[in-house]
2 protein chains.
Amino acid sequence: MSIPTIKFYVREGLLPAGELTSPNQASYGETHEQRLRLIRALLDVGGLSVAAVREVILAIDDPDRSVHKLLGTVASGLVPRYDREPNAGMEDARKQVAALIAARGWRVQPGNPASEALAVALAAVDEAGHGSFAGVLEAYADAAERVARADLGWVAHNLAREELVESVVVGTVIGDAIFSALRRMAQTDTSDRMYGQAT
Amino acid sequence: MSIPTIKFYVREGLLPAGELTSPNQASYGETHEQRLRLIRALLDVGGLSVAAVREVILAIDDPDRSVHKLLGTVASGLVPRYDREPNAGMEDARKQVAALIAARGWRVQPGNPASEALAVALAAVDEAGHGSFAGVLEAYADAAERVARADLGWVAHNLAREELVESVVVGTVIGDAIFSALRRMAQTDTSDRMYGQAT
DNA sequence: AAGGTATGGATAGTGGGACTAGCCACTATC
DNA sequence: GATAGTGGCTAGTCCCACTATCCATACCTT
């Protein structure tokens, strides 16, 4: 981690400035190091932008924010913002999402960024046109519930707010990367079994 | 979709050139349109780079490639390349990954990009230091298996190679986005139930 | 005390990625 | 027969994550 990069992070508000011991000497402590690791994890592994990391950091450092709100903020920071014009496919997709939420009894706000993102993705699958994804969606939703329970269970054993809050962030962001990798491995395995020899 | 952008894609080798009906008039057909939708889906929803999309397109259009190989190519194109120096944490993480693969009986090559990515992500979680992720990993792997089976099942009903191959790509790439969104929704729900009022 | 090295702070520059604009010769269309 | 649009080309733009350069100062060694 080069010094210029750290300077850059400080300027960007990702990292608090070191404590000045003299006009040209600042000391960085354990918390700085920890924070730096968090930043690198979010940037490299989580693939967040610097701006998104700043959002997340601000949320973490806001002591008035409830854990539930924090998770919401982190989730929003993570979801890519699609600014595609509304078309016919999106309407159908939104209905599909609403139906799923209702069927599962999930407590999520209607205008939620995640459900918007889901609608966009479903519309894209539909446009690409290779048959209905509906059946698969159920399996995905089952898996997502399972994963979410594991996530929150993992987080729960941290009692101190500081710790808890960082766990939430790490779990949410890096969890995505972990799951993607696992999915790809499982796909490789399944595909090997199905198509390993033929086709 | 603006004309300059299409020109750009043609230059970049994502899209075949239209058939010239006269020196300055090319006609684009149904397949072009379809291909364009695929490109936009991979770029926007899948978040791939133009270079990665080119890789994928080349793989799709290579009739000598088996479906299994194709899936491998797509998966590699998707996995971000981490070029972080090997450190102590990585070694542990790799062992953890190897153990997981063994325990699951997954048929994946050892040097696999996905398992490398998994190791990096696990190392990052570990470095961030909020308790062992091991238990959660099992739940993730279960979920990943379930999702992979659903994916491949969805793909399987396409008999024509063309269709099959595009389904694989779409499912792999956009499936990631879909699952992420679902996970976030399920997390929101679970967190609402756990922390909705307090903390 | 002197000189080399490093730091904090600030401004400006770099390199990569994804388009986008401008130009030219030409042609389809009104 | 003017207008507007196109293929093919090069060059430019914008954004983003960093880097490099500068300066005055201060630590560190001798």
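Throughout, a chain's letter reflects where its sequence line sits, starting with A, and its residues are numbered from 1.
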Closer than 4.0 Å, any side-chain N/O of [X] to the OP1 or OP2 of [N]?
{"X": "Tyr28(A)", "N": "dG8(C)", "answer": "yes"}
{"X": "Ser2(B)", "N": "dC19(C)", "answer": "no"}
{"X": "Tyr9(B)", "N": "dC19(C)", "answer": "yes"}

Which whole-number value in Å describes the distance from [X] [atom1] to [N] [atom2]?
{"X": "Ile3(A)", "N": "dC18(D)", "atom1": "CD1", "atom2": "C1'", "value": "15 Å"}
{"X": "Ile39(A)", "N": "dC18(D)", "atom1": "CD1", "atom2": "C1'", "value": "14 Å"}
{"X": "Arg11(A)", "N": "dC16(D)", "atom1": "CZ", "atom2": "P", "value": "15 Å"}
{"X": "Ile6(A)", "N": "dA20(D)", "atom1": "CD1", "atom2": "C1'", "value": "16 Å"}
{"X": "Lys7(B)", "N": "dA21(C)", "atom1": "NZ", "atom2": "P", "value": "12 Å"}
{"X": "Arg54(A)", "N": "dC16(D)", "atom1": "CZ", "atom2": "P", "value": "10 Å"}
{"X": "Leu48(A)", "N": "dC16(D)", "atom1": "CG", "atom2": "C1'", "value": "14 Å"}
{"X": "Leu36(A)", "N": "dC18(D)", "atom1": "CG", "atom2": "C1'", "value": "14 Å"}

Contact list for residues 109-122 of chain A, test salt bridge (charged side-chain N to carboxylate O under 4.0 Å, His left out), sequence neighbours left out:
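Qualifying pairs, neighbours excluded: Arg94(A)-Glu116(A).
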Going by the rule salt bridge (Lys or Arg N to Asp or Glu O under 4.0 Å), which residues pair with Arg193(A) if we only count those two or more places apart in sequence or in a different chain?
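With neighbours one apart ignored, the set is Asp189(A).
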Quick one: salt bridge (Lys or Arg N to Asp or Glu O under 4.0 Å) partners of Glu162(A), sequence neighbours excluded?
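Once residues adjacent in sequence are excluded, Glu162(A) has no partner under the salt bridge (Lys or Arg N to Asp or Glu O under 4.0 Å) criterion.
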Got a sec, which pairs hit ring pair (Phe, Tyr, Trp, His ring centres under 6.0 Å) with one end in residues 32-61 of chain B, sequence neighbours left out?
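Listed by first then second residue: Tyr28(B)-His32(B).
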Selection residues 164-184 of chain A - residue pairs positive for ring pair (Phe, Tyr, Trp, His ring centres under 6.0 Å), sequence neighbours left out
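Residue pairs passing ring pair (Phe, Tyr, Trp, His ring centres under 6.0 Å), neighbours aside: Phe179(A)-Phe179(B).
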Would you check, one step at a time, whether the test side chain to side chain contact (heavy atoms under 4.5 Å, CB included) holds for Glu138(A) with Leu100(A)?
CA-CA 8 Å; Glu138(A) 287 303 312; Leu100(A) 180 77; 3.7 Å; yes
Under a 3.5 Å cutoff on both atom distances, Watson-Crick or G-U, what's the dot-bracket for DNA chain C ([ ] crossing, | other strand)?
||||||||||||||||||||||||||||||
Run through Ile174(A), Ile178(A), Val45(A) and flag the one making a side chain to side chain contact (heavy atoms under 4.5 Å, CB included) with Leu122(B).
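Output: one option passes, namely Ile178(A).
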